[in-house]
S.K.: 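This is the structure I want to talk about, given as structure tokens.
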Amino acid sequence: MTPPPPPAPTGPTAPAGPAEPPPHPLVTRARRLADDLLAPAAERVDAEGVPAGHLQEIKRSGLLGVSAPRAYGGAEAPAAVARETAEILSGACAATWFVQTQHHTPVRMLARSDGPARERLLGPLSRGELLSGVAYAHLRAHPRTPVRAVRDRDGWRFAGTVPWYTGWGLNDVLLLAGTTDADEALFAFAEARDQPGLGASQPLRLAALGGARTVSLELDGLWLPDEAVVLRTPYDRWAADDRLRTLDTNPAVFGLTRAALTLLDEETAAAFGARLTRLRTAAYALADTTPGLRVQERLDLRTEAFGLLQAATTAAVVAGGGRTMLLTHRAQRLAREALFLQVQGQTRETRAAQLSALRG
């Protein structure tokens, strides 16, 4: 006869592991916006443009102040929160994400500055009352100077061409950069509208993120007062800081990769997912260290993350078959957006690293 099983042990139950902390409120709001508004409309936005209503909802959500100082109405959230909200928005609708992501550079620059521009604009930008765009990528063309800033009375006069400006017709203000005769990078705020000395082209026809309302700007003597200036620094100093900023992997790379994985079967998605987790963890750990350290490791991780993005979005196209060639198909949109991210914010150093990887 089989003896009965021993009685179950009595006594206090072993304590459960630590509870998962609740998500940051801004992460919750970003997910709600992504699920309810951005993702369902993404293909239409890709074809027709980001509607003002999308930006109004983002303004109301507080996401424009995710990293802004609390003293000026921002959330001053940890960097991990800013990265996660960027992943969520970019994976849902990259065009809308790209318009609003321009806003965070002016906020960071104002927060590190002093003077009239900070006191006039940091609060409204941090609280989402105003949306800012940026017009400074042309500085990376140095020693060419597509935009010159010349001293004139108590201010500066700008002349030249800004090849790319995103969010025209949606932004309230723009942060404009020019190169001075002393080889300085000078940044100043202007109203984002046609005005004497500033005119915009028709929206550019782009292969990806065409909905982000990108134009070129013609500057023909636009005058901005000293009170509009937020930064004036030697070009080499600005370029060195810019180089460090672009070494880390853009969270949108991981956001788009995650979106592509939702279009794959479970087995294929799992294979990509393991690589995504490893790269994301390593890239963000590096981003949280002192800028300028482990440069080659940052470049390698950035390049590998782009390789994963390219593979995942291509896999989504392959899995969807011939119908993915329709401009209305999500996989094809993601693949085009992945190409865009490969050149967005590009420097000579990051371009060389990517080309080296592509050569194998």
S.K.: Which residue in the set F272, F306, Y284 passes ring pair (Phe, Tyr, Trp, His ring centres under 6.0 Å) when paired with F254?
M.R.: Y284
S.K.: Should the heavy atoms of other residues, nucleotides or ligands under 6.0 Å from CG of D220 be counted, would the total exceed 12?
M.R.: no
S.K.: Any side-chain heavy atom of V147 sitting closer than 4.5 Å to one from V162?
M.R.: yes
S.K.: Is it true that D181 and R151 have a side-chain N and a carboxylate O under 4.0 angstrom from each other?
M.R.: no
S.K.: Decide whether L341 and L301 are clustered together by the hydrophobic rule: side chain heavy atoms of Ile, Leu, Val, Met, Phe, Trp, Tyr closer than 4.5 Å, transitively.
M.R.: no
S.K.: Does any pair with a residue in residues 347-360 pass salt bridge (charged side-chain N to carboxylate O under 4.0 Å, His left out), and if so which ones, sequence neighbours excluded?
M.R.: R243-E349
S.K.: Side-chain heavy atoms under 4.5 angstrom apart, residues restricted to Ile, Leu, Val, Met, Phe, Trp, Tyr: same cluster for L219 and Y136?
M.R.: no
S.K.: CH2/W156 to CH2/W223 distance, rounded to the nearest 0.5 angstrom?
M.R.: 12.5 Å
S.K.: Indicate the atoms forming the closest heavy-atom contact of P51 with L170, along with that distance.
M.R.: C-CD2, 4.4 Å
S.K.: Between H142 and Y235, what is the ring plane arrangement, given parallel below 30°, perpendicular above 60°, and tilted in between?
M.R.: parallel
S.K.: Please lay out, stage by stage, how D226 and R153 fare under the test salt bridge (Lys or Arg N to Asp or Glu O under 4.0 Å).
M.R.: CA-CA 9 Å; D226 285 333; R153 294 176 286 140; over 6 Å; no
S.K.: A338 and L256: which non-hydrogen atoms are nearest, and at how many Å?
M.R.: N-CD2, 3.7 Å
S.K.: Is L204 isolated, or which residues cluster with it under the ILVMFWY side-chain rule of less than 4.5 Å, directly or via members?
M.R.: W164, L206
S.K.: Compute whether any side-chain donor of one residue and acceptor of the other, for H103 and N171, lie under 3.5 angstrom apart.
M.R.: no
S.K.: Just checking D154: does its CG atom have more than 12 heavy atoms from other residues, nucleotides or ligands closer to it than 6.0 angstrom?
M.R.: no
